[in-house]
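These notes concern the structure reproduced below.
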Amino acid sequence: MNGMSLRAASRRRPGLRFAALVAPGALFIVIGLMLPLLAIVVFSFWRTESYELYADWSLDNYRTLLGEAAYRTFFLRSLVTAILVTVICLVCGWPVAYFIARHGGRYRLLLVLLLAAPFFTGVILRIAALQGLLGPVGLINMGLTMVGLPPIEALMYTKLAAGLGLVYLFIPFMVTAIYLSLVNFNFELLEVAKINGARPWRAFIEITWPLNWIGTAIGMILVFIPCLANAVTPRFLGGPEATSLGMSLAGQFGETGTWALGSAMGVFLFAVSLLAIFCIAPTIRLKRSGFTGTSLT
Amino acid sequence: MRAGPATLSMSAALGLLYVFLYGPIGYVIYTSFAVDIVWPFPPSFTLQAYVDLFSSSLYSEALTNSLTLATGAAVISTLLAAAGAIGILRFRSRYRTAALLIFIAPLFVADLLIGISVLAFNARVLGLPGNLFSAMAANAIQGTAFGFLIILAQLVRYNWDMDDAAMVFGAKPLRCFFEITLPTIWPSLFGAFLISFILAFNNLEISFYTLGAIPTLPSVAWGSLRFGLGAELFALAALVNGFVFLVFAVMYLLMRLGIVRFGYRGG
Amino acid sequence: MTGVTLELQSVTRRFGPVTAVDKTDLAIEQGEFFALLGPSGSGKTTLLRIIAGLERPDEGRVLIGGREVTDLPPYARNVGMVFQNFLLFPHKTVAENIVFPLRMQRASRAHRDEQLKWALSLLRLDGLGGRYPNELSGGQQQRVALARGLIARPALLLLDEPLANLDRELRSEMEVEIRRYQKELGIPFIYVTHNQEEALTMSDRIAVMRNGRFEQIGAKTEIYTNPASAFVATFVGHANRISGGIADIQGDLARIEWGGGSVLAPRPGSAQRGSAISVFVKHEDMAIHGAGLNGKRPEGVNQLAGTLRDIIFKGQTANYIVALPTGDDLVVSGTPRAGVARPNDAVIVSWPIEAGACFPREDA
């Protein structure tokens, strides 16, 4: 084919241009993300012995995972923590996002960027900052000691501290997702509802909440998934009582070197994440969300 | 208009959230300059923590690695995300929804899972030891998803008929892109680059598993935090926070000025 | 053939199951103002985009100035275009927008400046060259879009409903202006619109398009006074329709019987006695009289009796709505004179027989 007819062919079929632009990124993600996930699915049915993987297919890893009380506890702890953190982020995030979108005026971009920014400092430095405040030699407890009071035990290496850390880490996601939904929401619809006799609370339930459910649902998923698999926060803030499945999983790939069992844990966590997505996805109906595209201001 | 109780309590919630988010950060920045990091009162300041940080060969090696890693990941992410967003919005295809889902899928996979699965895949399937390039690629997966959303958000408002107009007046497709499309959408490309850069720069879990023994700033910080909160960690946290806020300030200005001057608003 | 600037040969374009343009032939002469008139979805914009090269025809050939351009991309065709939303480049100044086509042709700076000056003064945009498009009024943006379309002296200027987004007053002003530019420059204009008044005001020739085909091509007076199909008769101008069956044929005339009586109309070519038929009469071809006319029956004129239901006063004209005993309404457009009749008066509507246009009934 010479250049001219090639060009004519691509003009005839926009599909070719679509493929040329989209394929590199899509293939990159499929190869870089999906294949490794597939690999751990395979490994989860294998066996590790002295840091080597052997292709002896069995369900042993899953039997261990579901059978041993310790792992069950770790998983339930991760699940309950993730659910609680998601709910707390939701309850705290909604009024804040609503306030910014509704009353932020010309400052709303600034306000929301200020909420999103801390997320980008990275997990470890944010945990360090939190420890500077909450830890045994952190500001709060040192302050209490200075004035002769006992330190607050609840904040030192407890599940509460770990949960607080997770809220601290992920609430920016929730606020941003809800905000992005609310800035595309036409607040005049509320006036219409009020004129037609709806009280503010009723108008919220009938109009605002359903029309912004998509942003809320995405925010919930974006908080739930990293919380479920979190390993770093409980490690540094949680103490011995807070060991999560993620921490244990990290250990299988680190110190103990039992990759097959670790893979099974990874697959299990991924399956639960998918389950969460599949539970919430059917509730999102684009046609009923008034979705018209996105805008940042 | 007088603010009602609902509005007042919402603004209080906003204020509390800011205190919650910025209290620790403010304290870290303050303490990084303090002589006594355990109880930095009354204030007495020193730059010793910064001097220690900059003279540490471990931290400077980690910094070089983090910068290389983040730059590579950001370049890959921005190019792939921009091409993907343009392709999806500009050209009709029955694979459009599928492509969209693939591009945002990484947002729904936890860092830890990306880290360990890439580690397992590289080590056992490809036989690769931890290296900077696979860490770049692994970070770029997430960066591509974030960058894609940022670019998409601006691009949905772009009117592709403008490219038709330019073509009728004699502009070839590439010329069209550089004369018409790029001047309008570059703030979002820049934003995608910055965000994916910062994400990769500060990422712990993906980089940790894909790099092997190569240190980055977050992994060194992680190692150091295991032994307690040292002065150099305060200094590092202060610097990284400063850097992130500088980037956000630039983006804020771009969006404020950029959208006014470059954003295509129909008319 | 000399003087033919654009030629379409059997051009077809399908979108899935829909045939947007169906085996269309067209020849546009040097220097003519040609309007493509049709309702939305008739394929007129697709046809324009095929001429511009923004769409590729599935079949057929496109020739511009005798050169085949069917496979050429838009940037190799040397046509100008004015778009519905103007599509000015928002990040370029007025001057940068206007010289854009010349820059793409790598014209020298001196030539560009000279042409810019010419275009700015032709379109009365002097002094606005440094502004950005969003600092201009709708009419000014329209002129910039025209200047950009004309500056490279294209073989052909395509205009895609360019006045659709302007308010009424500005629109009629621009109609006159656009026609003046076309006559001054002698470049053929192809003007797509769904607005019959625009097409009638500005163009020399009109093609009425429906379902991807031309219903009629001809001089605008021809289209208006002598429609070739029922669709053209209803779409161009405002017409009353009387549907019935042919009761009798008397030479060139057909007597049409319908529920309310009988009228005479020119006999359509193939019509036989008994065939279902519609007569179209333009509102302004009908006249209204007080009922006192009864009994007089001048030669060559149809008359129907009815009741005046309402008078819609429009300023220069008024529409008299007359209810016939059958329940049908006729609209008669006339000069608004007080005292002709009042609502609920009995009136007579009349029109010359040759004003009626007859076509086989489509809805049957």
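Throughout, a chain's letter reflects where its sequence line sits, starting with A, and its residues are numbered from 1.
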Nearest 0.5 Å, please: how far is CG in B:Asp164 from CG in C:Leu87? 8.0 Å
Evaluate whether atom NZ of C:Lys117 has more than 12 neighbouring non-hydrogen atoms of other residues, nucleotides or ligands under 6.0 angstrom away. no
Spatial distance of atom CE (C:Met81) from atom CE (B:Met167) [nearest 0.5 Å]: 12.0 Å
Which atom of C:Phe89 lies closest to which atom of B:Met162, heavy atoms considered: CE2-O, 3.6 Å
Is it true that, when you exclude C:Phe15 itself, more than 12 heavy atoms of the residues, nucleotides or ligands shown sit nearer than 6.0 Å to its CZ? yes
Would you say that more than 12 heavy atoms from the other residues, nucleotides or ligands in this model lie under 6.0 Å from the CD of C:Glu184, or not? yes
Closest contact, heavy atoms only, C:Arg103 versus B:Arg175: NH2-NH2, 3.4 Å
Using heavy-atom distances under 4.5 Å, tell me whether C:Arg148 contacts chain B through its side chain, its backbone, both, or neither. both
Considering non-hydrogen atoms only, spot the tightest contact between C:Gly80 and B:Phe169 and give its length. CA-CE2, 4.0 Å
Within a 6.0 Å radius of atom CZ on B:Phe243, are there more than 12 heavy atoms belonging to other residues, nucleotides or ligands? yes
Rounded distance [0.5 Å steps], CD1 in B:Ile180 versus CZ in C:Phe100: 4.0 Å
Please determine whether the number of non-hydrogen atoms from other residues, nucleotides or ligands lying under 6.0 Å from atom OH of C:Tyr181 exceeds 12. yes
